[in-house]
Number of protein chains: 2
Amino acid sequence: MNTLAYGLLGLVARTPSSGYDLMLQLQPYWQAKHSQIYPLLAKLEQEGYMEFTRVHQTDRPDKKVYSITEKGEIALKLWLAEPTAEPVVRDELVLKAYCLQLTDDQKARDLFMERIEHCQEQMQMYEHIMSEMEQQLDGKPDHPDHPAFSDYILLSWGRRRMKEDILWCEWVLDLLKKKEAE
Amino acid sequence: MNTLAYGLLGLVARTPSSGYDLMLQLQPYWQAKHSQIYPLLAKLEQEGYMEFTRVHQTDRPDKKVYSITEKGEIALKLWLAEPTAEPVVRDELVLKAYCLQLTDDQKARDLFMERIEHCQEQMQMYEHIMSEMEQQLDGKPDHPDHPAFSDYILLSWGRRRMKEDILWCEWVLDLLKKKEAE
DNA sequence: GAAAGCATGTAAGATGTTACATGATTCG
DNA sequence: CGAATCATGTAACATCTTACATGCTTTC
């Protein structure tokens, strides 16, 4: 049982889903490819943490819809109480920023402008899901007992991170531009 | 040549260092264990991107001090111009936050309080390095041509991220506490 | 005397990515 | 007609972590 396994278990605990669907749902919070997810789901099913029913579809390929078992739910609750691993960041831009002096000013600016665009796309994605949710629920699910509370705080987390990254990039670009103006 | 290799190359390009030292320097920006770094340095040296001199020390074990070669510097500059990979986040707390409804309120609060402590430690680390640098340089190296400019923007990046994460956790804790007050 | 820091390495195993493989449907 | 989406899987490879291995010095 690794973190990804618990992540899948957590998703399935709320809404029974297919592997394909789990992959998409997980994307914004934990990047995993389908080639990692499918074998893991099979393993979790074999070990009794999940079970699946084959759902026939006429317009689309058939799918396996996984749902959590009692054993899975117990494991999930135990995991929540265990100490949380420290977050891992792997951002190539950070390493490139360290070497800024080796490039010309235009390429340096491009690095940060590229990142701003990426963050804006991500932020719009988070905001889009958020506004869809708010429309559906007719307001923010800002109460811990609301079933969409965790979605709400996670979307807020994503949006905040992107916003902060953009601000940092803009701050750096500003310093770089001041030099140009000299 | 992977991202970690370029990261090491970037560090070495500025200051020739031992593997042990590189590991420590890299920690805040790219988590890698010594067991990954040492073999990679050996490979980079064999392929001519770096070279090393064995430095004898009386009080401590001898060390291999790596420095960049011309080939290494060319590779590094090419890498800077290549498209930057999207950042990867692997944060167990995010996955746990999704399952908040499965726990009691105390454990939920503990999750975020733990994270706040972690972020505060990290933030103090970044701020400590920053203030040491400011003392040494007698001011902020906020000009792109200053040799410590990249350190300055990276430390700022670290501090900002930690600050923002703390604010998010506090916001969540606040929502959780409001429920308690009912 | 034990623990922590400095210093380098290897081996085994876990985790993650890219490529290979298939096949239906929908949209432009 | 080609590309994208839905849907599931395997194989090979790259990357990262944990454990094994050694040994000296300083600090508590």
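This structure is a prediction, so every number in the text was calculated from the model and none was measured. Reminder, nothing fancy here: chain letters follow the sequence lines and each chain counts from 1.
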Between P87(B) and H118(A), is there a side-chain heavy-atom distance shorter than 4.5 Å?
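H118(A) vs P87(B): side chains touch.
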[X] [atom1] to [N] [atom2]: how many Å, rounded?
{"X": "H56(A)", "N": "dG23(C)", "atom1": "NE2", "atom2": "C1'", "value": "14 Å"}
{"X": "L26(B)", "N": "dT17(D)", "atom1": "CG", "atom2": "P", "value": "11 Å"}
{"X": "E45(B)", "N": "dG9(C)", "atom1": "CD", "atom2": "P", "value": "10 Å"}
{"X": "H34(B)", "N": "dG23(D)", "atom1": "NE2", "atom2": "P", "value": "16 Å"}
{"X": "K33(B)", "N": "dT8(C)", "atom1": "NZ", "atom2": "P", "value": "18 Å"}
{"X": "N2(A)", "N": "dT15(D)", "atom1": "CG", "atom2": "P", "value": "20 Å"}
{"X": "D59(A)", "N": "dA24(C)", "atom1": "CG", "atom2": "P", "value": "14 Å"}
{"X": "I37(A)", "N": "dA7(D)", "atom1": "CD1", "atom2": "P", "value": "14 Å"}

Taking the side chain of [X] as its heavy atoms from C-beta onward, which of [options] lies nearest to it?
{"X": "R60(A)", "options": "dC6(D), dT10(C), dA7(C)", "value": "dC6(D)"}
{"X": "R90(B)", "options": "dT17(C), dG23(C), dC16(D)", "value": "dT17(C)"}
{"X": "W30(A)", "options": "dT8(D), dG16(C), dA7(C)", "value": "dG16(C)"}

Between the opening five pairs and the closing five pairs of the helix from dG1(C)-dC28(D) to dG28(C)-dC1(D), how far apart are the helix axes, to 10°?
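Comparing the first five pairs with the last five, the axes sit 50° apart.
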Looking only at heavy atoms, which two atoms of P144(A) and Q101(B) are closest? And how far apart?
O-NE2, 3.1 Å
Determine the minimum heavy-atom distance between A97(A) and I153(B), stating which atoms define it.
CB-CD1, 4.2 Å
Could you list the protein-to-nucleotides 11-13 of chain C atom pairs, N/O on both sides, closer than 3.5 Å?
none

Please figure out whether D21(B) or M1(A) has its closest DNA chain C nucleotide nearer the 5' end.
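Final value for this comparison: D21(B).
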Yes or no on ring-ring contact (aromatic ring centres under 6.0 Å, His included) for Y152(A) and W171(B), after CA distance, side-chain angles and deciding distance?
CA-CA 12 Å; Y152(A) 174 59; W171(B) 173 74; 5.4 Å; yes
I'd like to check the salt bridge (charged side-chain N to carboxylate O under 4.0 Å, His left out) partners of K163(A); sequence neighbours left out, ordered by chain and number.
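Listed in chain order: nothing, the list is empty.
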With a 4.0 Å cut-off, would you call D151(B) and R14(B) a salt bridge?
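Looking at R14(B) together with D151(B), the answer is yes, because their closest N to O distance falls below 4.0 Å.
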Is any NZ, NE, NH1 or NH2 atom of the basic residue among D165(B) and R160(A) found under 4.0 Å from an Asp or Glu carboxylate oxygen of the other?
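Salt bridge: no.
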Classify the ring geometry between H34(A) and Y38(A) as parallel (under 30°), tilted (30 to 60°) or perpendicular (over 60°).
perpendicular
Using 30° and 60° as the class limits, which term best fits the ring planes of F112(A) and W168(A): parallel, tilted or perpendicular?
perpendicular
Would you say Y20(A) reaches dT8(D)'s phosphate, i.e. side-chain N/O to OP1/OP2 under 4.0 Å?
no
If you compare every side-chain N and O of Q57(A) against the phosphate oxygens of dA7(D) (OP1, OP2), does one of them come in below 4.0 Å?
yes
Counting only heavy atoms not in Q135(A), do more than 12 fall under 6.0 Å of its CD?
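Counting other residues, nucleotides and ligands, CD of Q135(A) stays at 12 neighbours or fewer.
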Mind checking K63(B) for me? I need base, sugar-phosphate or nothing, with any heavy atom below 4.0 Å counting as a touch.
sugar-phosphate
